[in-house]
2 protein chains.
Amino acid sequence: MARRGSYAKGVAKREEILQRALEVIAREGYRGASVRELADAVGLSQAGLLHYFESKEELFTEILRKRDEMDRVAFEPEAVAAMEASDGTETDLVRAGFVSVLRHNSEVPGLVQLFSRLAVDAADPSHPAHAYFRDRDAQLQESLSDALGAMQEEGTITDRIDATTLALVIQSVADGLQVRWMHDPSVDMAGTVTALLDALAPTGASTADE
Amino acid sequence: MARRGSYAKGVAKREEILQRALEVIAREGYRGASVRELADAVGLSQAGLLHYFESKEELFTEILRKRDEMDRVAFEPEAVAAMEASDGTETDLVRAGFVSVLRHNSEVPGLVQLFSRLAVDAADPSHPAHAYFRDRDAQLQESLSDALGAMQEEGTITDRIDATTLALVIQSVADGLQVRWMHDPSVDMAGTVTALLDALAPTGASTADE
DNA sequence: GTCTATACTCGGATAGAC
DNA sequence: GTCTATCCGAGTATAGAC
């Protein structure tokens, strides 16, 4: 794919850096971390690290992008659902994908901090991460709408609210819960969303397995 | 209440500053504003402004506190509900209070930005605003639980989820929606929460008036 | 009580050696 | 490609005059 050794090396190194940064932040947290701190953690000098990225903002945006990419393969909803089905557990795509990611998030506090922080900073349209969030939100909105729409057709969730609005609700509640959880780690993000989904099941139907 | 002229003056001036700061931020927005900017807007020098507050963080925390105070009197749920009732509109306390504030928020973008920004910064327990959020969240949680619990007894909302969890959901969805709305002002915060509440009405019951 | 002026810190960016 | 060194801006905090 890459034509030249040097170019390929650059890209490979970039990926390696992102990979490590991801691990470090996940494990050690991000409290408004500076490029210097991250550079240390990754084993480069500040200048060395910025050699691979345009700016601090671009660097952090790329970290989030990488995170999404990894979550996507690790929690591919269809795969998870299939796995759980063979398990005897009955699940829908929302619980299998979205809620699983949320559950996983409580294992990686630093990434949640980074995400939430950047989300508010990027509200400014001129912020380098603005486009990232626009695209991410749109994609998530679409896949959630699809999954929820399907559930409505199957009758596993109420149709008293349209799938688009419900997708927005689910996404927002997850974002809000993450901030809440940062303040008080005892809140159960995945459990709360699950409880909401359960409450939205059409009367009579039940997805709970107790 | 105040013993001494100077002390009373100090407190009064502080209030006046907060009042003005609130207006300015509401109208002109807060994009990570510095103390200097705010001082200019309020008609004081940076040092003059900090004369009244311990630090930047304390200043901004007090602004949010003041905001809550004003919202509390402007949107006192019982009053709003009573007003709407005399209007012929039937409402519950959640829609009358909480959702009204949310609707109002779209008029004051700067305050939403400030709130969201501080919310993520204050996740750090050593941040001066940490206690503010802890208390605020707890209070809101309590009043929402009470209101939702009452609605469950009246049968205007489902009891397939406990009031405490539902309160957390409502609060989180509002917080999440605010960030979403900052990115894309076309999202309808109040409308979305209302749609959720409608969807959670027990089957058969209806609060919608169309 | 409010201002001007300044000190100090942090952190991102950049130049240039190796 | 990576480092050291440096620069520079932003922004809070504080000293001291008025």
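Per chain, numbering begins at 1; letters A, B, ... match sequence-line order.
Residue pairs meeting the ring pair (Phe, Tyr, Trp, His ring centres under 6.0 Å) criterion with at least one member in residues 166-190 of chain A, sequence neighbours excluded, are A/His183-B/His130, A/His183-B/Phe133. Within the structure, the salt bridge (Lys or Arg N to Asp or Glu O under 4.0 Å) test picks out no pair touching residues 105-115 of chain B (sequence neighbours left out). For residues 113-141 of chain B, the pairs satisfying salt bridge (Lys or Arg N to Asp or Glu O under 4.0 Å) are A/Arg117-B/Asp121, A/Asp121-B/Arg117, A/Arg180-B/Asp137, B/Asp68-B/Arg136, B/Arg117-B/Asp121, with sequence neighbours left out.
Spacing between atom CG of A/Leu38 and atom C1' of C/dG11 amounts to 14 Å, rounded to whole angstrom units. A/His51 has its NE2 atom 17 Å from the P atom of C/dG16, to the nearest Å. Between the CG atom of B/Leu44 and the C1' atom of C/dC3 there is a distance of 9 Å, rounded to whole Å. Rounded to a whole Å, the CG atom of B/Asp40 is 14 Å from the P atom of D/dA10. The interatomic distance linking A/Leu49 (CG) with C/dG12 (P) rounds to 10 Å, in whole Å. Rounding to whole angstrom units, CZ of residue A/Phe53 and P of C/dA13 are separated by 13 Å.
Taking the side chain as every heavy atom from C-beta outward, A/Ser116 and A/Met182 approach each other to under 4.5 Å.
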Going by atom type alone, with no hydrogens or angles, which donor-acceptor pairs under 3.5 Å involve a side-chain atom of residues 35-51 of chain A and a protein atom two or more places apart or on another chain?
{"from": "A/Glu37", "atom 1": "OE1", "to": "A/Ser34", "atom 2": "N", "distance (Å)": "3.4"}
{"from": "A/Ser45", "atom 1": "OG", "to": "A/Gly48", "atom 2": "N", "distance (Å)": "2.9"}

Taking distance alone, no hydrogens or angles, what donor-acceptor pairs closer than 3.5 Å link side-chain atoms of residues 23-31 of chain B to residues at least two apart or in another chain?
{"from": "B/Arg31", "atom 1": "NH1", "to": "B/Glu28", "atom 2": "O", "distance (Å)": "3.0"}

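Taking B/His104 as the reference, B/Phe75 meet the ring-ring contact (aromatic ring centres under 6.0 Å, His included) condition, with sequence neighbours excluded. Considering only residues two or more places apart in sequence or on other chains, A/Phe98 meets the ring-ring contact (aromatic ring centres under 6.0 Å, His included) condition with none of them.
A heavy atom lying under 4.0 Å from DNA chain D marks none of the residues of residues 112-131 of chain B.
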Could you list all N or O pairs between the protein and nucleotides 12-15 of chain D that sit under 3.5 Å apart?
{"from": "D/dT12", "atom 1": "OP1", "to": "B/Val35", "atom 2": "N", "distance (Å)": "3.4"}
{"from": "D/dT12", "atom 1": "OP1", "to": "B/Lys56", "atom 2": "NZ", "distance (Å)": "3.0"}
{"from": "D/dT12", "atom 1": "OP2", "to": "B/Val35", "atom 2": "N", "distance (Å)": "3.1"}
{"from": "D/dT12", "atom 1": "O4", "to": "B/Arg36", "atom 2": "NH2", "distance (Å)": "3.2"}
{"from": "D/dA13", "atom 1": "OP2", "to": "B/Lys56", "atom 2": "N", "distance (Å)": "3.2"}
{"from": "D/dA13", "atom 1": "N7", "to": "B/Gln46", "atom 2": "OE1", "distance (Å)": "3.4"}
{"from": "D/dA13", "atom 1": "N7", "to": "B/Gln46", "atom 2": "NE2", "distance (Å)": "3.0"}
{"from": "D/dA13", "atom 1": "N6", "to": "B/Gln46", "atom 2": "OE1", "distance (Å)": "3.4"}

